[in-house]
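Computed from a predicted model, the values in this text were never measured in an experiment.
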Amino acid sequence: MIKSTTDKATGFEKRFENIGTVIFEDSTAASKAVAKEIATLIKAKQKSNQSCVLGLATGSTPKGLYAELVRLHKEEGLSFKNVISFNLDEYYPMEPDSIYSYVRFMKELLLDQVDILPENYHIPDGTLTKEEIAEYCRNYEAKIKALGGIDLQILGIGGNGHIGFNESGSLQNSKTRLVALDHITRVAASKDFGGLDKTPRTAITLGVKKIMEAKKVILMAWGEGKSNIIKDSAEGEVTNRIPASYLQEHNNAVFIIDKAAASKLTRINTPWLVEKVVWTDKLVRKAVLGLALHLNKPILMLTDADYIENGMSDLLTDSGPAYDINISIFNKIQHTITGWPGGKPNADDSNRPERAEPIKKRVLIFSPHPDDDIISMGGTFIRLQEQGHEVHVAYQTSGNIAVADDEALRFASFVCDYNEKFGIDNKDAQNIYENAVTFLKNKKDSEIDSPEVRYIKGLIRKGEARATSHFVGLPDEQIHFMELPFYETGTIEKNPVGEDDIKITMALIEKIKPHQIYAAGDLADPHGTHKVCLDAIFEAVKRLKPKTFMNDCWVWLYRGAWQEWGIDEIEMAVPMGPDQVLQKRKGIFKHQSQKDGVVFQGSDSREFWQRAEDRNKETANLYDQLGMAHYAAMEAFVRWEF
């Protein structure tokens with residue numbers, strides 16, 4: 001059984017957290033632990049000849065859990081014949097065969113792959129008339145009550161703290177009902193629906209009251225994007241603004257989270273406030289920079305009193321006085337700044353992030369989608385090219401699912417009209433475009449794109465990526481379209497990294513023999529492509545490590561449109577002036593299919609170019625606030641040691 005290692009009476013972790021919290025290295029380990037607990041509960045109920053009543057969640061968070069439960073069934077014989085399940089929610093209105101339906105989600109990921117009896121799983125019905133919903137919801141709750149309640153409820157958490165679709169403002173005694181979805185929730189879901197205008201405005205959800213009546217509740221959360229709401233839910237006051245905070249008052253609830261989701265918890269983010277710590281260089285840097293930003297002071301203006309009054313007197317004892325610590329950290333931060341991301345020729349590089357030699361480096365920039373290169377590190381990309389390095393860019397996936405249907409229809413219709421007008425006789429090509437036009441005009445919600453449509457959407461993204469690379473100054477032979485197989489499912493859900501993906505990546509690295517590799521370390525990408533692409537690169541680099549050329553290869557990780565490195569993590573910061581900011585913007589604008597109506601914008605409604613500029617400006621402002629030189633913008637990188 002998963003238990004929190006904390007204790008309200010004695011455990012230091014409870015000094016800030018008001019609910020049991022268990023932190024795992026990653027979501028895979030956490031999902032396996034939760035699956036093991038569910039399996040143990042199912043087996044215990046089987047021995048007693050009892051039903052096991054599970055409350056189940058949907059969304060990206062429980063996917064790993066369901067995959068592990070399926071594995072336990074197929075490989076270890078775990079039976080679900082005594083399981084009765086109730087799902088938390090469903091969009092409304094929603095047909096059960098729609099690719100967006102939670103009925104379809106549950107059947108594909110779990111229910112159809114185990115031996116649960118069809119009459120034993122229950123998912124809210126999105127096809128009801130509005131007049132039928134109230135009675136349906138009463139019956140839904142009555143079924144749960146008749147079974148003695150939910151034995152174990154699995155939850156995810158929304159960016160605004162919702163559980164199920166109980167949005168901010170939901171009361172603790174709220175019942176199962178039809179709800180209006182918060183704008184934040186709809187924006188986050190819009191990635192799955194191909195845009196905000198196609199995202200449902202309402203949903204049916206199990207009420208907070210029934211969730212709180214469950215005998216045990218496990219709330220799971222993964223990734224840095226959930227870190228702020230996890231902190232607020234676990235450490236903040238109990239409030240209807242954050243429905244997940246109600247779980248603080250449950251007598252058997254636990255948060256199961258990975259390290260990234262735990263990163264803002266007090267005991268993780270500022271452990272020196274909780275217990276005596278060993279002051280490593282990394283921890284000192286984090287503490288001093290955090291103190292300077294908290295007090296809105298430049299590093300060199302911090303005093304002994306500032307350290308003492310903010311729980312850092314131990315650091316003064318170990319390494320003080322403040323003046324000496326300040327100078328050390330100031331110099332380290334200053335040394336991260338460079339206008340020469342490929343190294344400065346004929347210069348002392350002992351305090352620079354990169355090597356001066358060789359003067360001309362072979363550089364390989366991996367871009368998960370066809371626009372991550374210019375969005376995330378466009379200024380650095382341009383500077384590397386201008387400073388004479390041999391720059392290659394590798395687009396790892398086609399990015400075809402991020403092209404709106406109307407954009408693809410416009411493109412396909414244009415080709416058909418063009419061929420007809422000029423009498424171009426290419427039947428194979430004509431068939432592709434005509435089939436695509438027919439499909440798009442008749443496409444249903446339950447359908448994934450046809451191969452012809454995916455091909456056309458990929459062509460659109462490829463043309464835009466090539467235009468951006470030409471804008472930077474790259475010749476065609478230094479532009480590589482990898483089309484990694486894991487991506488080509490036609491749906492949001494991608495396959496895990498496979499052997500073919502790794503081999504394609506290895507072959508390109510071995511062909512170029514780069515001195516620098518740039519890769520996307522931005523794992524907040526809501527559809528998971530960045531994570532799979534990074535896994536492929538990491539595995540390829542590890543396998544190639546014995547090769548002689550790898551001794552001279554450094555790997556730099558950038559972050560994209562979703563998040564930025566923490567100021568204490570940055571190891572190379574490349575500044576940009578106002579003209580370079582505008583130049584980067586022009587490069588981003590080459591991706592016309594991604595402008596004005598972002599398909600996968602996540603919880604941020606800004607366009608990608610706006611996010612990139614704002615994020616780069618914020619990084620520069622942080623450096624300025626810490627007492628460094630003031631720049632218009634900065635791109636940040638962290639080196640990965642392999």
Side-chain angles (χ1 to χ4, degrees), residues 56-62 86-106 122-141 155-171 174-211 225-226 229 240-244 401-402 404-407 443-448 491-493 526-527 596-607:
L56 300 178
T58 46
S60 60
T61 300
F86 291 86
N87 263 78
L88 280 168
D89 42 37
E90 175 62 286
Y91 289 110
Y92 181 84
M94 183 60 63
E95 294 294 328
D97 65 341
S98 168
I99 58 174
Y100 310 124
S101 164
Y102 284 160
V103 173
R104 183 165 175 170
F105 176 98
M106 289 304 304
H122 306 84
I123 304 170
D125 187 350
T127 67
L128 300 168
T129 65
K130 283 194 175 181
E131 291 73 24
E132 295 173 316
I133 291 176
E135 180 66 21
Y136 176 85
C137 290
R138 284 192 290 270
N139 291 335
Y140 202 78
E141 290 197 349
L155 297 175
I157 183 171
N160 61 353
H162 72 236
I163 47 178
F165 276 133
N166 294 286
E167 302 281 18
S168 296
S170 296
L171 299 179
S174 62
K175 295 185 177 182
T176 302
R177 65 209 187 279
L178 180 69
V179 297
L181 297 178
D182 189 293
H183 177 72
I184 294 173
T185 300
R186 292 185 64 240
V187 169
S190 65
K191 65 183 175 64
D192 297 324
F193 288 89
L196 188 62
D197 59 324
K198 300 178 183 178
T199 304
R201 295 181 178 274
T202 55
I204 298 172
T205 185
L206 192 70
V208 176
K209 189 173 188 293
K210 270 288 174 276
I211 293 172
K226 295 293 177 70
I229 197 62
N240 64 4
R241 292 184 295 102
I242 303 174
I401 63 167
D405 288 347
D406 58 353
E407 185 77 13
K443 183 179 177 182
K444 299 176 182 178
D445 284 347
S446 58
E447 294 179 300
I448 65 171
T491 67
I492 310 298
E493 183 68 16
H527 38 104
D596 303 325
V598 184
V599 177
F600 297 109
Q601 61 191 155
S603 59
D604 190 333
S605 60
R606 293 173 297 171
E607 289 194 42

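Side-chain contact between Tyr92 and Lys130 is present, with heavy atoms from C-beta onward closer than 4.5 Å. Considering only heavy atoms from C-beta on, Asn166 comes within 4.5 Å of Ser174 through its side chain. By the 4.5 Å heavy-atom criterion applied to side chains, Thr58 and Leu88 are not counted as neighbours. Under the 4.5 Å side-chain criterion, counting only non-hydrogen atoms from C-beta, Glu167 is in contact with Leu181. Taking the side chain as every heavy atom from C-beta outward, His162 and Ser168 never approach each other to under 4.5 Å. A heavy-atom distance below 4.5 Å is found between the side chains of Phe165 and Thr185. Counting heavy atoms from C-beta on, the side chains of Ile229 and Ile242 come closer than 4.5 Å. The shortest side-chain heavy-atom distance between Ile204 and Cys137 falls under the 4.5 Å cut-off.
Annotation: the span from Thr176 atom OG1 to Lys209 atom NZ amounts to 10.0 Å, rounded to 0.5 Å. Going from atom CG of Leu178 over to atom CG of Leu128 covers 10.0 Å, rounded to the nearest 0.5 Å. The OH atom of Tyr140 sits 10.5 Å away from atom CG of Asp125, with the distance rounded to the nearest 0.5 Å. Once rounded to the nearest 0.5 Å, the distance linking CG of Leu155 with CD1 of Ile163 reads 5.5 Å. Distance check, rounded to the nearest 0.5 Å: OH of Tyr136 to CD of Glu141 gives 12.0 Å. To the nearest 0.5 Å, atoms CD (Glu90) and OG1 (Thr127) are separated by 9.5 Å.
Between the side chain of Tyr100 and the main chain of Glu95, no donor-acceptor pair closer than 3.5 Å is present. Although no hydrogens or angles enter the test, the distance criterion places no donor-acceptor pair under 3.5 Å between the side chain of Thr205 and the main chain of Gly164.
Of all the heavy atoms in Pro96 and Ser101, the pair that sits closest is O-OG, 3.2 Å. Nearest approach of Gly156 to Ala57, heavy atoms of both residues: N-CB, 4.2 Å. Contact record, Arg186 with Thr199: NH2-O, 2.9 Å, taken as the closest heavy-atom pair.
For Tyr102 and Tyr91, the ring centers are positioned less than 6.0 Å apart.
A salt bridge is absent between Asp97 and Arg104; no separation between the charged side-chain nitrogens and carboxylate oxygens falls under 4.0 Å.
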Item checked: Audit row: Ser170, Arg177, side chain to side chain donor-acceptor pair (under 3.5 Å) steps and yes/no -> CA-CA 11 Å; Ser170 296; Arg177 65 209 187 279; 3.1 Å; yes
